[in-house]
Amino acid sequence: MIENPSREEMGQMLKKSKRIAVVGLSNNPERTSYMVSKAMQESGYEIIPVNPAVTEVLGVKAVKALKDIEGHVDIVNVFRRSEFLPGIAKEFAEIDADIFWAQLGVENEEAYDYLKEKGYTVIMDRCIKVEHALTK
């Protein structure tokens with residue numbers, strides 16, 4: 001069963017975090033991933049687009065995969081369909097980021113269990129922009 005941290009805990013995580021890698025970030029301004037990431041960027045977070053299909057989003061050069069990011073990542077925010085989460089979870093564990101965050105409507109128990117067993121903080125089916133707005 002998937003259990004998220006409390007809203008208060010999520011707020012603390014967001015206050016401590018600076019760099020958010022966004023898996024599946026679209027360069028289409030009408031897509032949710034773009035709108036959410038733009039809002040987070042405007043709130044002071046460094047956004048790193050992770051999408052092999054685009055070269056740049058929100059003025060930032062995109063990377064093809066999480067392993068292509070230089071330096072530490074605080075949050076990996078995932079905008080991909082739920083069935084892709086197990087593979088993304090394995091990539092996440094390889095880069096040793098702090099928080100695995102699957103967007104609203106995205107959850108997968110296999111990925112959740114895999115990451116929890118490794119001791120990671122996992123949030124699923126929550127919108128990072130909404131949690132940020134409610135906890136700042």
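Here the structure is a predicted model, which means the values were calculated and not measured.
The CD1 atom of I75 sits 11.0 Å away from atom CE of M10, with the distance rounded to the nearest 0.5 Å.
A donor-acceptor contact shorter than 3.5 Å links the side chain of D68 to the backbone of A65.
The shortest heavy-atom contact between L25 and N51 is O-ND2, 3.0 Å. Across all non-hydrogen atoms, the minimal contact from Y45 to S17 is CE2-O, 3.3 Å. Across all non-hydrogen atoms, the minimal contact from I47 to M40 is CD1-CB, 4.0 Å. Smallest separation of non-hydrogen atoms from L85 and A102: CD1-CB, 4.1 Å. Across all non-hydrogen atoms, the minimal contact from N108 to A111 is OD1-N, 2.9 Å. For the residue pair V57 and S26, the shortest heavy atom distance occurs at CG1-O, 3.4 Å.
Sorted by first and then second residue, the side chain to side chain donor-acceptor pair (under 3.5 Å) pairs with a member in residues 69-97 read H72-D98, N77-Q103, R81-E83, D96-Y120; sequence neighbours excluded. Residue pairs meeting the ring-ring contact (aromatic ring centres under 6.0 Å, His included) criterion with at least one partner in residues 8-30, sequence neighbours excluded, do not occur; the list is empty.
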**Request:** Start with the C-alpha distance between I20 and I128, add both sets of side-chain angles, then the distance that settles side chain to side chain contact (heavy atoms under 4.5 Å, CB included), and finish with yes or no.
**Result:** CA-CA 10 Å; I20 304 173; I128 197 167; 4.1 Å; yes
**Pair V106-D125, side chain to side chain contact (heavy atoms under 4.5 Å, CB included): steps then yes or no** = CA-CA 5 Å; V106 181; D125 192 26; over 6 Å; no
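Inter-residue side-chain proximity for M13 and P5 is flagged as met; some heavy-atom pair is nearer than 4.5 Å. Annotation: side chain of F79 is not in contact with side chain of V23 (no heavy-atom distance under 4.5 Å).
Checked against salt bridge (Lys or Arg N to Asp or Glu O under 4.0 Å), E107 has no partners two or more places apart in sequence or in another chain. The side chain to side chain donor-acceptor pair (under 3.5 Å) search around T55 returns none, not counting sequence neighbours. With sequence neighbours excluded, the residues satisfying salt bridge (Lys or Arg N to Asp or Glu O under 4.0 Å) with R19 are E46. By the salt bridge (Lys or Arg N to Asp or Glu O under 4.0 Å) test, E42 pairs with K38, sequence neighbours left out.
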